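Remarks on the structure that follows.
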Amino acid sequence: MIVMSFEWKEIEEKWRREWEKARIFEADPDPKREKCFVTFPYPYMNGPLHLGHGFTATRVDVYARYKRMRGFNTLFPWAWHWTGEPIVGAALRVKSGDKEIIRALKEIDGVPEEELKKFVDPVYMARYYTSEGKEAVKKIGFSIDWRREFHTTSLEPTYSRFIEWQYETLRKKGYVVKGTHPVVWCPHCKSPTGDHDRLEGEGVSAEEYTLLKFQFDDAYLPAATFRPETIYGVTNMFLNPDATYVEAMVDGEKWIISKEAALKLSEQLKRVKVLREFKGSELIGKYFVDPISKRKLPILPGWFVDPESATGVVYSVPAHAPADWIAIKDLVNKPDVLRRFGIDPEVVKSIKPISLIEVDGYGEYPAVEIVEKMGIKDQFDPRVDEATSIIYRKEFHTGILKPITGKYAGKRVQDVKSELIEDFKEAGIADSMYDLPEKVVCRCTTRCIVKVLSDQWFLRYSDPDWKQLAHEAIDRAKIYPEAARAYFHDKIDWLHDWACARRTGLGTPLPWSPGWIVETLSDSTIYMAFYTIVKHIRKHDIRAEQLTNEVFDYIFFGEGDPEKLAEASGIDAEVLEEMRREFTYWYPVDLRVSAKELVPNHLSFFIFQHTALFPRELWPRAIGVNGMLAIEGKKMSKSKGNFLTLSNAIDKFGADVTRLTLMLGAEDMDDPDWRVENARSIDSKLRGLYRFINEIIGLRGDSEEKSIDRWLMSAIQGRIRVVTEAIENLKTRTAAEVALFEVWNDIRWYLRRAESPNPKTLKEAVEIWIRLLAPFTPYLCEELWHLLKKGEFVSTAEWPSYDESKIDVKAEESENMIRDLMADTGSIIEVTKMTPKKICYYVASGWKWKAYLEMMRKSLSAKVEMGAIMRELMKAPDLRKEAKRVSAYVGKTLQEINTMSVDQKKRRLEAGELNEKALLNEAKRFLEREFKAEILIYSEDDPQRYDPKKRASLAKPYRPAIYIE
RNA sequence: GCGGGGGUGUCCGAGUGGUCAAAGGAGGCAGGCUUAGGACCUGCUGGCGUAGGCCUGCGCGGGUUCGAACCCCGUCCCCCGCACCA
C-alpha cells in the first residue's frame, strides 16, 4: 500500500538537506561545460523579504533550474543590499520611540520584543533581516550557491574596496564629474527631503521657472513664469500690496522680489544681499519698462499674488492667461480701490489684451473667451486654475506664435520654448530659479525649499555618447518580454545626470572625497562581477587592503602582470589567475530579472555602467522584466496592512505551492495577483498529482502499442516543446500552465480513451511530466522522482528533449477526428433529446478521400476553382467513374478547403488518408461506454449497411455521417 | 502632461487575419464514485434549434478584407513609472 498523502514541511526539509549535502547548487568554472550565470537584484534589508521578491526571484530560479537540467553549468548567487538611508532612518525612529514604526516592526515584520530593542543599531537591524531573509530564501528552495553570499557597505570591507575601485575607474574614464543639482531641501534638517521624509507634498519636485527681468528705475522686477514667450503680450504687472518685498543685490544686480524669494535665491547659488524691506503697496501705480518693446506699463494691485511662490512678482498677459484677464476685469469694477492706490481707473480700463499665439478653436483672446464660456465670475472662482490649465496645454501643444513674436513667428510654442529661454538669457533679460509647485513640509514640520547643491558628484548619464552605448547594449541583449525593449530605450534617453553620492546613510565612502558615500543605486550596478571572486576572497582570507586597484584591474580587465601584482598585494599569483579565470568564465551575466519599477533606475544604471567599464562581449546577455505583485487585488503595502512576507507564505502554504501559485499568477509585464484561494487550489492540485503519479508508478505490465499510445507520446512531445520554448523566453506562466494542466489533461484523456492503459507509455509520460514540473515545484518533483529513480536528483536530471520522431501527426489527427465525432454525436443527442440505443457511423469512401486530399494539395498554392479542380480530378479513372458524385462533393467542400488555414492543410496532408473504419472499430468499445449505446460502423458504400434515413452519403473525410435511433 | 503596458465569456487569463463560441484555470450546475466528502472522474456553463445548424459576441465608433478579438483611424477607460530614492 502506497502512502497517498504527505506533509510539505517534511519533504521540503528532507530534500533541502539532501541538496545541501550533495552541494549540487555550488557551481565552479568548468571549461568543458557551457555556463549560465543568472542574477536577482539583491534586496534591501530594511525589512523582511516579501512575496514580491519571491515572485521575481522564483522566475530566476525556474530559469536556473531549467538551465541546469539542460546541462548548463549554472550559477545563481545571492547577496544583500545594506546601502542607503532607510535602515539608518528606521533605527533612529526606533530609538526615539516612534510608535508607528515599532508597531509595524512587531505586527508586520514579526520582530520579537527582545530583538526590537536592539534595532536602535542600524547594523543590527540589517543583520537581523539578512539572517531572516536567508532562511526564507533557503526554505523556498532557490538553487543558490551560498559560498558567494555577501552584503554591501563598508561593513563588508572587500566589497567596499570593489566599489572604490569601480568609482575611481569611472572617474578616471570621465564618467563621474562634479556639478550642481537642485533638491527639495529642509532648512531645519539641512538635508534633502525625499518623498518618504515628508508630511506634505508627496511626489512634488523642483520646477524651474524662467525669470523675466522687467526694468524699474535702476532695478529689475524679475517676474517668474513657465511661459516666457508670453512676454510679447505683457500689459501690466501685479504685485501683492500686502506682501513684504525687498530690494536686494542679486549677483551684482538690484532686484525687487518677495522677502521669501530672497531667501530661496540665496540657497540657489546666488549671492543675495537684502538692501531694504517694504510693502508691495509702495510700488502699486508706478510704471516699469518691458525690455522687448520698451513700453512703459503700470504695476497693479493683485492680492492673488503669492509671495511664497517663486519671486512674488507676476506679469500679466490677459490675452492668454485667464487669471490675468479676470484680475484686470475685477479692478475695472473697483475704481475706488484703484483710486486708493492713486491709479486713474481709465488706465486700467484702457488695457487691451495683446494676442501673440494663434490656436485652433479660439479667436484673438483665448483667455477672454474661456472666462466667458465657463462663466467665471471673479479671481476667487476655483475654476480659474482649470481654465488656466486648459489654455496652457492647448497653446503649448498646438499654439502657433504670431508675427508679434519676431523670429519665433510661425513656430509651435513647444518647439521654440527652450530656444527662446536661451536667447532671453543670452540677451540678459531672463534668469531662472527653482521652486516647488506645491507646498512641501518635512517630517520635522519645517516648510521645504529648493536648494541647489554644489560639489555634487554625478554619473554623467546625460552624455550622448554614453547613452549611445547603453542603447547598443539594449539592442544586443535579449529583453523579456520584447515589449520592455522600447521602455528601456525611452528611459535611457530620459535619464539625466545622477547625483551618485550622499552625506548620510550606510555605504562605501567616496574614495576621493571624504564625507560622501556612494549612493545606493550607484553601488549596485556591476556587483555581479564580485560574485565571481568573493568565493576566493573568503577561501584565501584576502584582506581589503590587498585588493588594490591594480589587482581589480587585473581580475576584471586583464591588465598587468600577476607575478608583479602578487608581490605588491601579497595575494598568490595563482590565486589572482584563478580569480581572473573565474571572472572570465562566468561573465557576462546571462540573465537578470526584476520588476518593471526598476527599469528607469537600477536596470538602466546596470546597463550604463557595464558599457562604461566592460567590453561588449561582457555586456549583459538578457534582462527579464516582470509586473508587480498585488495581494488579493490590492497593491502590497505595509500601511494598508496587506503585506505578505515570503516566510509567512511558505510557512502557511509550503514552498512548492507558493512557487507554483506565483508562477501561475502572471508573466511578461502583467501584474500577478496573489490570492489565498488560488494557493489553496494549487495545494490540492499538487496533492492530487502526488496520488495520481503514485498510482501510475504502481501499474505493472506491458501491452501492445496502439494509436492512442502514439497519440499520447506525440502530444507530450508538443508539450515538451512548448514548455521549453516558454522557459527560454521567460514565459514562466505559460510554461507552468502547460507543464501542470495540459500534460495532466493529456494523460487523463489517454486513461479515459485507452481500453487498457499501457504502463510503459504512462511511465514514460510521467517521467517527462515530473521533469517538466521540476523547476516550478522542485521539492515535490524530487520526492516523486525518487520513487522512480533511486539515488538521482531530478534537480540535476536531464531535461526532457523534444523528440521529433515521436511526433505522429496521423495519430493526433485521428484523435481529433474522434473527438469531433463525439462532439457532433453529443450535439445531436442533445438537440433531439433522445436516449440513443443505436448509433451508426458511416465513413467516407476512398474516392472522397482522394478528391479531398487532392483539393488540399492544390489549394496550398492557389485558390481552388470548381472548373479547374474538376478537370484535374477527372484525369483519374476511378474518380471519373463517379463524376457526378465527385462534382457534388467538390462543390460542397470547396469553401471548407479554401478557408482552412495553411497549417491545418499541411497537417492533414501529412496525415494522409485515415483508415477511419479501423480507427472507429478500435474506439468502438470506448464509444459504447461513453454513449451507452450500440455502435455500428460502416463504409458509406457498404451494401450491407443499416441506413434507414439514407445518411451514409453525407459522410466526408474527418466527418463520418451519423445516424442515431 | 510625457513614457510604458493594458481593456476578451461569472472571475483570472490565452489568443496578432481563416482550424474561434474563443486554450487553460477558478467558480457554478448536473451526473458518476463513495458511509460521507471541500477527494477523484465525466459532462454542461451566450441565445435559439427534434440531426452535427443558425444568431449574437472579444471597451466604444468607423474603416480595410471574400473573411477581424486579431490590421488601420478615431474615441473612452484602467494600471505602472516620472529621479537623488529603495
Side-chain angles (χ1 to χ4, degrees), chain A residues 4 41 43-44 46 81 83-87 181-184 192 194-197 203 205 389 392-393 396-397 453 456 458 481 483-484 486-491 493-502 505 519-522 524 595-602 625 627-628 630 633 635 664-673 675 677-678 680-682 684-685 687-688 691-692 733-734 737-738 740-742 744-745 748 751-752 816 820-821 823-834 863 895-896 898-905 907-908 930 949 951 954 959 961-964:
Chain A
M4 284 300 187
Y44 185 62
N46 66 334
H81 205 192
T83 309
E85 321 225 352
I87 294 175
H181 182 69
V183 293
V184 177
D195 244 1
H196 310 292
D197 299 325
S205 60
S389 134
Y392 180 90
R393 284 209 306 265
F396 179 75
H397 290 108
L453 296 176
Q456 260 286 349
F458 288 93
Y487 192 15
F488 272 108
H489 283 306
D490 179 64
K491 289 306 158 193
D493 279 332
W494 161 89
L495 269 170
H496 50 234
D497 289 351
W498 183 261
C500 62
R502 292 287 172 282
E519 173 274 336
T520 176
L521 285 172
S522 304
S524 53
K596 57 191 170 188
E597 59 175 351
L598 295 192
V599 170
N601 42 67
H602 167 69
V625 178
M628 289 165 56
K635 195 174 164 179
L664 286 168
E667 65 192 7
D668 294 349
M669 288 201 273
D670 295 337
D671 300 325
D673 182 9
R675 288 179 188 269
E677 192 191 323
N678 290 352
R680 291 224 177 91
S681 148
I682 294 302
S684 84
K685 282 265 179 295
R687 290 178 190 280
R691 280 190 302 273
F692 189 50
R733 184 195 140 99
T734 300
E737 195 266 315
V738 173
L740 180 66
F741 297 118
E742 306 283 6
W744 203 331
N745 285 343
R748 239 183 232 137
L751 288 174
R752 183 175 158 200
N816 287 342
D820 289 348
L821 185 63
D824 284 345
T825 307
S827 162
I828 293 166
I829 292 168
E830 195 196 322
V831 169
T832 58
K833 297 184 179 67
M834 33 169 138
K863 192 174 167 183
Q895 189 179 350
E896 180 196 332
N898 280 328
T899 58
M900 193 184 280
S901 75
V902 177
D903 228 46
Q904 179 73 332
K905 283 180 206 166
R907 283 178 67 81
R908 290 205 169 167
E930 291 289 320
K949 285 275 163 73
R951 307 199 55 89
L954 297 173
R959 290 203 96 176
I962 303 168
Y963 169 71
I964 300 176

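Labels below follow one simple rule: chain letters A, B, ... track the order of the sequence lines, proteins then strands, and each chain is numbered from 1. Every value quoted in this text rests on a predicted model; they were computed, and no experiment measured them.
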* List for me each residue that meets side chain to side chain donor-acceptor pair (under 3.5 Å) alongside A/Asn898, sequence neighbours excluded, and say none if there are none. =>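 Scan of A/Asn898 (side chain to side chain donor-acceptor pair (under 3.5 Å), adjacent residues dropped) gives none.
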
* To do: Could you tell me which residues satisfy side chain to side chain donor-acceptor pair (under 3.5 Å) with A/Asp824, sequence neighbours excluded, listed by chain and number?
  =>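 For A/Asp824 the side chain to side chain donor-acceptor pair (under 3.5 Å) partners, ignoring immediate neighbours, are A/Arg959.
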
Using a cut-off of 4.0 Å on non-hydrogen atoms, how would the nucleic acid contact of [X] be classed: base, sugar-phosphate, or nothing?
X	answer
A/Leu751	nothing
A/His81	nothing
A/Thr899	base
A/Gln456	nothing
A/Ser205	sugar-phosphate

* Structure fact -> The salt bridge (charged side-chain N to carboxylate O under 4.0 Å, His left out) partners of A/Asp670 (sequence neighbours excluded) come to none

* Set of salt bridge (charged side-chain N to carboxylate O under 4.0 Å, His left out) partners for A/Lys491, sequence neighbours left out ->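 In terms of salt bridge (charged side-chain N to carboxylate O under 4.0 Å, His left out), with neighbours along the sequence ignored, A/Lys491 is linked to no residue.
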
With rounding to whole Å, what would you report as the distance between [N] and [M] at their [atom1] atoms?
N	M	atom1	result
B/C77	B/C60	P	15 Å
B/A21	B/G57	C1'	8 Å
B/C79	B/G27	P	28 Å
B/U50	B/U34	C1'	37 Å
B/A14	B/C33	C1'	33 Å
B/C29	B/U10	C1'	13 Å
B/A23	B/C82	C1'	38 Å

* **Aromatic-base stack, A/Phe488 on B/G4, cutoff 5.5 Å, angle under 30** => no

* Is there a Watson-Crick or G-U wobble partner for B/G17 with both distances under 3.5 Å, and if so, which one is it? -> none

* Pairing residues for A/Ala630 by the side chain to side chain contact (heavy atoms under 4.5 Å, CB included) criterion, not counting sequence neighbours ->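 Per chain and number, A/Ala630 pairs via side chain to side chain contact (heavy atoms under 4.5 Å, CB included) with A/Asp673.
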
* **Any residue meeting ring pair (Phe, Tyr, Trp, His ring centres under 6.0 Å) with A/His489, in chain and number order, not counting sequence neighbours** =>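 So A/His489 forms a ring pair (Phe, Tyr, Trp, His ring centres under 6.0 Å) with A/His471.
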
* Residues that A/Tyr963 engages under ring pair (Phe, Tyr, Trp, His ring centres under 6.0 Å), provided they are two or more places apart ->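 Partners of A/Tyr963 by the ring pair (Phe, Tyr, Trp, His ring centres under 6.0 Å) criterion come out as none, since no residue qualifies.
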
Expressed in angstrom and rounded to an integer, what is the separation of [X] atom [atom1] from [N] atom [atom2]?
X	N	atom1	atom2	answer
A/Asp673	B/C80	CG	P	13 Å
A/Tyr487	B/G3	OH	C1'	8 Å
A/Ile829	B/G31	CD1	C1'	15 Å
A/Glu677	B/A26	CD	C1'	7 Å
A/Asp490	B/G3	CG	P	8 Å
A/Leu664	B/A23	CG	P	18 Å

* To do: Would you please say whether a donor-acceptor pair under 3.5 Å links the side chains of A/Gln904 and A/Ser901?
  =>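 No.
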
* To do: Would you check if the side chain of A/Thr825 reaches a backbone N or O of A/Leu821 as a donor-acceptor pair within less than 3.5 Å?
  => yes

* Pair A/Lys596 + A/Asp671: basic N to acidic O under 4.0 Å ->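 Looking at A/Lys596 and A/Asp671, the cut-off is met.
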
* **Nucleic acid footprint by protein, nucleotides 39-55 of chain B - heavy-atom cut-off 4.0 Å, B for base, S for sugar-phosphate alone** => S-SSS-----BSBBS--

* Quick one: what's the B/S/- string for nucleotides 5-16 of chain B, heavy-atom cutoff under 4.0 Å, read 5' to 3'? -> S-------SS--

